[in-house]
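What follows is one structure encoded as structure tokens, with my remarks underneath.
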Amino acid sequence: SESLITTQYSNVPYSWTRDGQLLAYFDSNPTTAYDIWVLRLSDHKPRSFLSTRANEFGAQFSPDGRWLVYVSDESGRNEVYLQPYPGPGGKRQVSVDGGTEPAWNPNGKELFYRSGDKMMSVDISAQPSLEVGKPRVLFEGQYVPARLVIRNYDVTADGQRFLMLKPNEEDAAPTQINIVLNWTEEL
């Protein structure tokens with residue numbers, strides 16, 4: 001085990017590039033709130049990606065490593081934004097009615113995020129230039145929301161299914177998670 005980052009404040013890892021060379025994480029700072037940083041493993045030097053007075057968190061690299069999607073409260077509520085990595089280029093707002101917990105479809109052509117009880121989807125095209133589609137509702141349901149700044153669901157490799165926590169009907173917190181190992185042997 002190796003310590004990658006040592007900071008004065010708290011930090012949370014978010015996303016690795018597919019080649020395992022870049023790590024996006026957030027670092028909290030009393031002056032600038034939550035900020036997004038990127039650590040390059042080749043030199044172990046953290047580099048600031050976004051540092052403003054707003055909170056930025058939930059960063060996820062695109063499958064090709066050319067984009068970072070993240071959440072910011074700069075507008076007064078949490079919204080999902082997309083920005084080229086490492087740049088140049090400005091951000092584009094992806095959500096229109098609030099958004100948190102962004103995730104990429106592994107095909108790199110779609111973004112998912114949560115808006116309250118709704119799971120949203122947005123088509124993304126980067127060729128020849130960035131085009132962000134209109135958000136649409138995939139499904140709605142009472143699922144356990146993320147605590148603070150970490151996504152509370154995952155997407156399968158084919159981008160067609162989600163793994164989410166559903167609250168126990170008796171209380172609002174999940175009490176049991178069943179994990180089935182070697183499930184393909186049952187087929």
Side-chain angles (χ1 to χ4, degrees), residues 1-2 4-5 11-26 36-42 49 56-71 78-86 91-95 99-167 174 176-187:
S1 140
E2 173 186 357
L4 296 176
I5 304 164
N11 54 55
V12 174
Y14 285 127
S15 175
W16 289 93
T17 52
R18 280 193 175 164
D19 64 7
Q21 294 304 301
L22 298 173
L23 170 65
Y25 67 98
F26 100 86
I36 297 173
W37 289 72
V38 174
L39 177 74
R40 184 177 300 276
L41 285 187
S42 61
F49 179 73
E56 296 99 10
F57 53 91
Q60 297 289 310
F61 279 108
S62 63
D64 65 6
R66 295 180 48 218
W67 302 91
L68 264 175
V69 63
Y70 62 93
V71 177
N78 290 333
E79 295 286 359
V80 177
Y81 295 88
L82 181 62
Q83 191 165 328
Y85 181 84
K91 67 180 181 279
R92 289 277 301 272
Q93 187 170 333
V94 174
S95 59
T100 60
E101 301 179 67
W104 286 92
N105 183 322
N107 70 17
K109 298 177 183 178
E110 184 178 25
L111 277 170
F112 305 113
Y113 67 90
R114 301 219 12 215
S115 181
D117 288 340
K118 298 175 184 155
M119 178 58 71
M120 307 297 290
S121 169
V122 176
D123 292 328
I124 302 292
S125 174
Q127 300 298 330
S129 61
L130 178 65
E131 291 184 29
V132 177
K134 182 180 175 184
R136 64 187 185 280
V137 177
L138 287 180
F139 58 88
E140 193 169 350
Q142 296 284 323
Y143 296 96
V144 177
R147 306 237 173 171
L148 294 175
V149 294
I150 300 173
R151 190 176 76 223
N152 205 12
Y153 68 92
D154 207 357
V155 182
T156 58
D158 65 2
Q160 299 301 305
R161 293 182 177 86
F162 295 85
L163 177 63
M164 305 181 83
L165 298 174
K166 192 151 179 91
Q176 178 179 336
I177 297 176
N178 295 323
I179 299 174
V180 179
L181 302 175
N182 301 318
W183 61 271
T184 55
E185 293 175 10
E186 299 292 325
L187 296 177

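All values reported here derive from a predicted model rather than from experimental measurement. Throughout, residue positions are numbered sequentially from 1 according to the sequence presented.
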For this session: Determine, stepwise, if the pair Val71 / Tyr113 fulfils side chain to side chain contact (heavy atoms under 4.5 Å, CB included).
Result: CA-CA 10 Å; Val71 177; Tyr113 67 90; over 6 Å; no

For this session: Run the numbers on Val69 and Val80 for side chain to side chain contact (heavy atoms under 4.5 Å, CB included), then give the verdict.
Result: CA-CA 7 Å; Val69 63; Val80 177; 3.4 Å; yes

Exercise. Going through the distances and angles, do Ile124 and Leu130 end up as a side chain to side chain contact (heavy atoms under 4.5 Å, CB included)?
Worked result: CA-CA 7 Å; Ile124 302 292; Leu130 178 65; 4.0 Å; yes

Exercise. Can you check side chain to side chain contact (heavy atoms under 4.5 Å, CB included) on Leu23 and Val38, steps first, answer last?
Worked result: CA-CA 5 Å; Leu23 170 65; Val38 174; over 6 Å; no

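The distance from the OH atom of Tyr81 to the CZ atom of Arg92 is 12.5 Å, given to the nearest 0.5 Å. Annotation: the span from Phe139 atom CZ to Lys118 atom NZ amounts to 13.0 Å, rounded to 0.5 Å. Distance check: Gln142 CD to Leu165 CG gives 13.5 Å after rounding to the nearest 0.5 Å. The OH atom of Tyr143 sits 6.0 Å away from atom CE of Met164, with the distance rounded to the nearest 0.5 Å.
Among all heavy-atom pairs drawn from Gly65 and Thr17, the shortest one is CA-CG2, 4.4 Å. Across every non-hydrogen atom of Pro102 and Gly58, the tightest pair is CG-O, 3.5 Å.
Side chain of Thr156 to backbone of Arg161: a donor-acceptor contact under 3.5 angstrom is found. Arg40 places no side-chain N or O within donor-acceptor distance of the main-chain N or O of Ser42, the cut-off being under 3.5 Å. Looking only at distances, a side-chain donor or acceptor of Asn152 sits under 3.5 Å from a matching main-chain atom of Val144. Side-chain N or O atoms of Tyr153 include one that pairs as donor or acceptor with a backbone N or O of Glu101 at under 3.5 Å.
Using a 4.5 Å heavy-atom threshold, the side chains of Leu82 and Leu68 count as separate. Counting only heavy atoms from C-beta outward, the side chains of Val137 and Met120 approach each other to under 4.5 Å. Looking only at side-chain heavy atoms (C-beta outward), Leu22 and Leu41 stay at 4.5 Å or farther from each other. In this structure the side chain of Pro63 reaches within 4.5 angstrom of the side chain of Arg18, judged on heavy atoms.
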Donor-acceptor contacts, no H, no angles, side chain residues 104-111, under 3.5 Å, sequence neighbours left out:
{"from": "Trp104", "atom 1": "NE1", "to": "Gln60", "atom 2": "O", "distance (Å)": "3.2"}
{"from": "Trp104", "atom 1": "NE1", "to": "Phe61", "atom 2": "O", "distance (Å)": "3.4"}
{"from": "Asn105", "atom 1": "OD1", "to": "Asn107", "atom 2": "N", "distance (Å)": "3.0"}
{"from": "Asn105", "atom 1": "ND2", "to": "Glu110", "atom 2": "OE1", "distance (Å)": "2.8"}
{"from": "Asn107", "atom 1": "OD1", "to": "Lys109", "atom 2": "N", "distance (Å)": "2.7"}
{"from": "Glu110", "atom 1": "OE2", "to": "Ser121", "atom 2": "OG", "distance (Å)": "2.4"}
{"from": "Glu110", "atom 1": "OE2", "to": "Arg136", "atom 2": "NH2", "distance (Å)": "3.4"}

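Close placement of the Tyr85 and Phe49 rings is indicated, their centers lying within 6.0 Å of each other.
Residue Tyr70 forms a side chain to side chain donor-acceptor pair (under 3.5 Å) with just one option from Lys91, Gln83, Glu79, and that option is Gln83.
Taking a cutoff of 4.0 Å between a charged side-chain nitrogen and a carboxylate oxygen, Asp117 and Arg114 do not qualify as a salt bridge.
Aromatic ring orientation, Phe162 versus Phe112: perpendicular (interplanar angle above 60°, classes split at 30° and 60°).
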